[in-house]
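Just follow the structure's listing: the first ligand is 1, and inside any ligand the first atom is 1. The structure displayed is predicted, hence computed values, not measured ones.
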Amino acid sequence: MESLLAGAHLHPAAFSPASLSRCHPPSVVVRGVHHVGGRAVRCAYTKDAILYALEHDEMFNSEEVVQWESGKTINTIAAAQGIQISRRCRPRYPSEGSGDDKAVPRHILEQIVWDKEVEVSQRKAKKPLMNVMESSENAPPVRDFIGALTAAYGRNGVPALIAEIKKASPGRGVLRENFNPVEIAQAYEANGAACISIFTDEKHFQGSFESLEMIRNSGVKCPLLCKEFIIDSWQIYYARSKGADAILLIAAVLPDLDLKYMLRVCKNLGMAALIEVQDERELDRVLKIDGVELIGINNLSLETFVVDTSNTRMLMEKRGDTIRDRGILVVGESGLITPDDVAYAHSAGVSAILVGESLIKAEDPGRAIAGLFGKELLH
Ligand SMILES: O=C(O)c1ccccc1NCC(=O)[C@H](O)[C@H](O)COP(=O)(O)O
């Protein structure tokens with residue numbers, strides 16, 4: 001059995017808990033193909049080799065390793081945490097392969113995650129982790145996402161705005177035909193948005209990493225959130241390499257160990273992580289994690305598409321004290337259309353809101369910001 005312990009490409013970041021435990025219990029051996037200097041190397045890592053690397057970089061604490069050592073698959077671990085999204089571990093779409101892949105996703109979020117697994121595995125084959133890490137080191141400097149939200153909240157006395165760039169959504173179809181992401185970002189910034197969220201998923205939201213990169217290089221100064229369905233730490237480095245200052249981590253998709261690990265990756269890169277929850281169980285899981293600074297409460301059920309703006313208020317009533325004690329900034333997300341909606345979210349205790357559809361569908365998305373707040377925002 002070959003161990004790559006001495007290999008320069010053996011970096012702990014290559015071993016996200018999900019990718020290790022996904023199909024093979026890591027307590028046995030993990031096999032894979034790694035690309036070293038453009039050359040594909042077939043390799044097998046022993047548990048000991050991986051543990052040595054992890055210890056060396058102190059990326060995990062012992063409790064995490066114990067959980068990981070149990071050899072349970074990610075689906076077993078996730079189900080025990082109430083996560084309903086399963087993982088498939090497929091390298092290609094069924095239409096591209098010969099296998100009889102007949103499984104049907106239970107809802108759109110599961111479909112998105114299954115598609116994302118294929119997409120990420122294909123992107124990784126083209127640009128392996130070590131290359132994307134190198135690119136992330138050459139990216140434009142990180143901007144302070146949370147600092148921008150806090151400053152805007154103080155300046156305006158209303159929740160700071162994360163204005164979203166989303167061409168389409170699975171529930172609503174195409175939201176805007178005449179779609180120029182750079183122009184929209186500039187208009188958002190000129191009208192007081194504190195930060196900008198950019199959907200990068202192509203298949204379901206018609207977004208792209210090119211849009212993110214173009215916006216970052218266009219002179220827009222607002223910090224940028226890469227709105228992605230992150231399932232692998234590779235995506236975080238990739239987002240950074242394209243100029244993202246923050247990424248989204250969805251608690252309905254990621255088990256606790258992945259949330260912790262990915263939060264650590266973000267901090268190492270100087271990025272913010274917006275951890276999104278939909279219900280009390282997810283919120284409680286996230287509140288158990290050290291170092292969480294930014295939580296998004298989504299009013300949209302990602303499984304059923306039902307929007308209920310009272311969700312934010314309900315969760316803040318239950319856990320607002322803990323959140324305030326910990327100094328965590330809360331973002332109210334989805335379904336916010338009018339000044340009354342913004343005031344309602346504000347009174348629930350949020351310091352920021354994430355708004356997409358109601359701005360993007362307006363004839364002038366920049367001017368629509370004053371309509372949303374009932375006043376012009378200072379910037
Ligand atoms: O927007 C969707 O339809 C959607 C579908 C499946 C997964 C996620 C989805 N949206 C993510 C979001 O949370 C919203 O884009 C964001 O909160 C802004 O909401 P809105 O102002 O209602 O566009």
What do you reckon, does Gly356 have a nitrogen or oxygen under 3.5 Å from a nitrogen or oxygen of ligand 1?
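Between Gly356 and ligand 1 (N or O atoms, distance only) the closest approach is under 3.5 Å.
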Short N or O distance, Gly335 and ligand 1, threshold 3.5 Å exclusive:
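Yes; the residue has a nitrogen or oxygen that sits under 3.5 Å from a nitrogen or oxygen of the ligand.
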With the threshold set at under 4.0 angstrom, would you say [X] reaches ligand 1 through any of its heavy atoms?
X	result
Leu300	yes
Lys227	yes
Asn298	yes
Glu164	yes
Ile108	no
Ser358	no

Can Asp308 and Ser310 be counted as having a side-chain donor-acceptor contact under 3.5 angstrom?
yes
Take Phe209 and Ser241, measure what side-chain contact (heavy atoms from CB on, under 4.5 Å) needs, and give me the verdict at the end.
CA-CA 10 Å; Phe209 280 96; Ser241 76; over 6 Å; no
To the nearest 0.1 Å, how far is atom 17 (O) of ligand 1 from its closest protein heavy atom, and which atom is that?
Ser334 OG, 2.7 Å
At what distance is the nearest protein heavy atom to atom 8 (C) of ligand 1, and which residue and atom is it?
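Scanning the protein heavy atoms, the shortest distance from atom 8 (C) of ligand 1 goes to Leu302 CD2, 3.3 Å.
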Test applied, side-chain hydrogen bond (donor to acceptor under 3.5 Å, both in side chains); reference residue, Asn298; option that passes from Glu276, Gln278, Glu282:
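Testing each of Glu276, Gln278, Glu282 against Asn298, the sole residue satisfying side-chain hydrogen bond (donor to acceptor under 3.5 Å, both in side chains) is Glu276.
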Any pair with a residue in residues 148-159 that passes side chain to side chain donor-acceptor pair (under 3.5 Å), sequence neighbours left out, goes on the list, sorted by first then second residue, please.
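Applying side chain to side chain donor-acceptor pair (under 3.5 Å) to every pair that reaches into residues 148-159, excluding sequence neighbours, yields Tyr153-His346.
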Counting only heavy atoms closer than 4.0 Å, does ligand 1 sit against the backbone of Lys166, its side chain, both, or neither?
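Only the side chain of Lys166 comes within reach of ligand 1.
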Does only the side chain of Pro170 get under 4.0 Å from ligand 1, or the backbone, or both, or neither? Count heavy atoms.
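It is the side chain that gets close, since no backbone atom is under 4.0 Å.
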Electrostatic pair [X]-[Y], nearest N-O below 4.0 angstrom:
X	Y	answer
Asp256	Lys288	no
Asp232	Lys124	yes
Glu110	Lys116	no
Arg123	Glu202	yes

N/O donor-acceptor pair under 3.5 Å between Trp234 side chain and Lys127 backbone
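Answer holds: yes.
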So if I count the atoms of ligand 1 from 1 in the order they appear, which ones are less than 4.0 Å from some heavy atom of [X]?
X	result
Phe305	5 (C), 6 (C)
Glu357	20 (P), 21 (O), 23 (O)
Val355	21 (O)

Close aromatic pair by centroid cut-off 6.0 Å: Phe205 and Phe229:
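Centroid separation for Phe205 and Phe229: below 6.0 Å.
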